[in-house]
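What follows is a set of notes on a single structure, which appears directly below.
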Amino acid sequence: MTRNFQFTPANINRDPQDNEGHAHIYINDVKYARVYSDWFNLPASALLPGENQVKVTLNANNHSEWSVDDIPISSTVSVVVPE
C-alpha cells in the first residue's frame, strides 16, 4: 500500500508532480503492466513454473521512477509456481 501518493491516470505523459503518478509491474525483469490504483490482480498465467520475481515501482506521470537518495521506490516479492 502506498502512503502520501496519488494515482493520477488522467495525468499520464505529463510533467512530474510531487507524490503522484502510477506504478509499473515487472515479472522477471520484463515490464508487464502499468497500474493506476492501489489494487491489481495478477493472473496466474502471467507467471512461469518455478520461482518468479515480481517487482512494483512507483513512477511519475512521465514514467520516470520515483526515488529517495537515488534509490528507486520499489518492492520485489518472490512467487513460486509449482512445476
Side-chain angles (χ1 to χ4, degrees):
M1 299 300 295
T2 60
R3 288 182 293 181
N4 301 318
F5 185 82
Q6 182 177 1
F7 288 92
T8 54
N11 293 341
I12 198 73
N13 295 326
R14 294 188 181 163
D15 291 336
Q17 300 296 316
D18 289 346
N19 303 323
E20 72 172 44
H22 59 283
H24 289 176
I25 295 180
Y26 296 85
I27 301 173
N28 301 321
D29 294 321
V30 176
K31 186 174 172 185
Y32 179 77
R34 289 185 201 160
V35 179
Y36 300 102
S37 70
D38 288 327
W39 298 99
F40 182 83
N41 292 312
L42 184 66
S45 61
L47 302 172
L48 300 172
E51 186 172 358
N52 295 268
Q53 298 300 309
V54 179
K55 179 170 99 172
V56 178
T57 61
L58 287 184
N59 299 78
N61 297 323
N62 67 355
H63 306 284
S64 62
E65 288 184 353
W66 285 115
S67 64
V68 174
D69 296 328
D70 293 325
I71 299 171
I73 299 171
S74 67
S75 182
T76 302
V77 296
S78 177
V79 180
V80 177
V81 175
E83 295 189 39

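Model, not experiment: these values are computed from the prediction. Heads up: numbering here begins at 1 and tracks the sequence.
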Considering only heavy atoms from C-beta outward, does the side chain of [X] approach that of [Y] to under 4.5 Å?
X     : Y     : answer
Leu42 : Ile27 : yes
Thr8  : Arg14 : no
Lys55 : His24 : no

Out of curiosity, [X] [atom1] to [Y] [atom2], how far, rounded to the nearest 0.5 Å?
X     : Y     : atom1 : atom2 : result
Trp66 : Thr2  : CH2   : OG1   : 13.5 Å
Gln6  : Asn11 : CD    : CG    : 8.5 Å
Ile71 : Glu65 : CD1   : CD    : 12.5 Å

Taking atom types as modelled, is there a side-chain donor on [X] or [Y] under 3.5 Å from an acceptor on the other?
X     : Y     : answer
Asn28 : Asn52 : yes
Ser64 : Asn59 : no
Glu20 : Asn61 : yes
Ser78 : Glu51 : yes

Q.
More than 12 heavy atoms of other residues, nucleotides or ligands under 6.0 Å from CG of Asn13: yes or no?
A.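 Counting other residues, nucleotides and ligands, CG of Asn13 exceeds 12 neighbours.
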(Q) So for atom CG, which belongs to Asp38, do other residues, nucleotides or ligands contribute more than 12 heavy atoms lying within a distance under 6.0 Å? (A)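 Result for CG/Asp38: enclosed.
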In terms of hydrophobic clustering (I, L, V, M, F, W, Y; side-chain heavy atoms under 4.5 Å; direct or indirect links), are [X] and [Y] co-clustered?
X     : Y     : value
Val77 : Tyr32 : yes
Ile12 : Ile25 : no
Val79 : Val56 : yes

**Q.** Worked check of side chain to side chain contact (heavy atoms under 4.5 Å, CB included) between Val68 and Ile73
**A.** CA-CA 7 Å; Val68 174; Ile73 299 171; 4.0 Å; yes
Q) Okay, side chain of Ser37, backbone of Trp39: is any donor-acceptor separation there less than 3.5 Å? A)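 Yes.
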Q.
If I compare all heavy atoms of Phe40 with all of Ala33, which pair ends up nearest, and what's the gap?
A. CZ-CB, 3.8 Å
Q. Which atom pair, heavy atoms only, marks the closest approach of Glu83 to Pro49?
A. CG-CB, 3.8 Å
Q. Does the separation of the ring centres of Tyr36 and His22 fall below 6.0 angstrom?
A. yes
Q) Just checking, Lys31 and Tyr26: is the charged tip under 6.0 Å from the six-membered ring centre and within 45° of the axis? A) no
(Q) Run the side chain to side chain contact (heavy atoms under 4.5 Å, CB included) test on Leu47 and Val54 for me, step by step, so that the C-alpha distance in whole Å, both residues' side-chain angles and the decisive distance to 0.1 Å come before the verdict. (A) CA-CA 9 Å; Leu47 302 172; Val54 179; 4.1 Å; yes
Q: Report the residues that fulfil side chain to side chain donor-acceptor pair (under 3.5 Å) with Asp15, sequence neighbours left out, ordered by chain and then residue number.
A: none
